[in-house]
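Presented below is the structure to which this report refers.
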Amino acid sequence: MSMAFISHPACRLHQMGEGHPEQPARVGAIADRLHARGLYDFLLHHEAPRATVEQLARVHPREHIELLAMKSPAEGLAYLDPDTAMCPETLEAALRAAGANVLATDLVLSGQVQRAFCNVRPPGHHAEHDTAMGFCFFNNVAVAAAHALESHGLQRVAILDFDVHLGNGTEDIFKRDERVLLCSTFQYPLYPDLNPPSIPGRIVNCPLPSGSGSEAFRAAVANEWLPALEQFAPQLVLISAGFDAHAADPLADLRLTVADYAWVTDVACRVADRHAGGRVVSTLEGGYDLTALATSAAAHIERLLGHGA
Ligand SMILES: [Zn+2]
């Protein structure tokens with residue numbers, strides 16, 4: 001399996017203050033684990049370009065992009081919400097994180113690779129149409145989906161979001177778009193404290209109560225996601241890959257294991273193999289215990305590569 005791995009040094013420079021869980025070490029921890037597992041050299045490495053205003057403006061109003069540029073501080077931190085701050089390097093990292101998703105989509109849809117993983121931060125799935133929130137500035141996976149639809153002419157794109165938090169931003173952006181199927185598992189109640197209803201054929205939301213583990217997660221994916229995905233028959237599978245539903249994560253209370261991330265990745269790949277020519281683009285969202293993040297992401301990437309099955 002040919003697979004791209006896309007990142008940028010700016011993703012290690014964005015920081016939101018000492019002790020913030022969405023920390024620069026996250027992307028390095030994943031890369032280090034891939035080296036240790038002997039997977040790094042199987043990946044085709046690319047440096048992320050900046051997303052252009054045109055690419056961002058498919059999912060965010062130009063005012064949102066201009067506001068972030070205006071708020072970008074020359075020094076220190078500028079807070080957009082109590083958890084979400086910009087340092088001088090944040091805008092560059094956010095542009096590269098979104099741009100990584102554009103490049104990943106181009107590489108996969110042009111047939112240069114079959115799979116791609118964007119090892120980027122800041123994450124994106126809480127960023128709504130016109131609101132940065134929850135550690136997110138631009139909605140990276142939404143930028144990828146819009147690029148696939150608008151630039152490559154796809155008709156059906158599925159977004160699978162197994163981050164422990166609801167991807168409210170992705171839902172806000174695509175809730176009226178019949179070309180996108182959004183499948184989500186998330187702990188509820190938990191930030192952002194929303195539990196919107198599913199919409200047949202468009203949104204499959206699977207809230208899981210605190211303490212839920214492998215069984216409940218796998219049942220939701222098998223019984224709720226899969227029938228919707230089979231009916232929708234996506235031409236491209238995108239993954240909002242958050243690893244904060246792992247039992248060790250400090251921000252949430254689900255009980256997933258590394259094996260669950262390998263399993264759900266296999267499920268995503270099988271859907272892609274059946275309907276989408278095997279094409280999968282995955283982008284990093286949450287995951288705040290560095291060891292759990294690194295081992296879970298490595299298992300995810302190993303399965304995307306088609307290794308270890
Ligand atoms: Zn999360």
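All ligand and atom numbering here is 1-based and tracks the order in the structure.
- Checking each of Leu284, Ile6, Leu305 against Phe117 for a side chain to side chain contact (heavy atoms under 4.5 Å, CB included) leaves exactly one that passes, namely Leu284.
- The Zn ion (ligand 1) sits nearest to atom OD1 when only the N, O or S atoms of Asp163 are considered.
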Could you go step by step and tell me if Phe232 and His275 meet the side chain to side chain contact (heavy atoms under 4.5 Å, CB included) rule? CA-CA 9 Å; Phe232 185 73; His275 300 290; over 6 Å; no

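- Applying the side chain to side chain contact (heavy atoms under 4.5 Å, CB included) rule to Pro207 yields the partners Phe186, Tyr188, Asn195; only residues at least two apart in sequence or on another chain are considered.
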Please list every donor-acceptor pair under 3.5 Å in which a side-chain atom of residues 35-44 meets a protein atom from a residue at least two apart or in another chain.
residue, atom, partner, partner atom, Å
Arg37, NH2, Glu302, OE1, 2.7
Arg37, NH2, Glu302, OE2, 3.4

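- The distance from the Zn ion (ligand 1) to the nearest N/O/S atom of His165 is under 2.8 Å.
- Within the coordination shell of the Zn ion (ligand 1), defined by N, O or S atoms under 2.8 Å, Asp244 is present.
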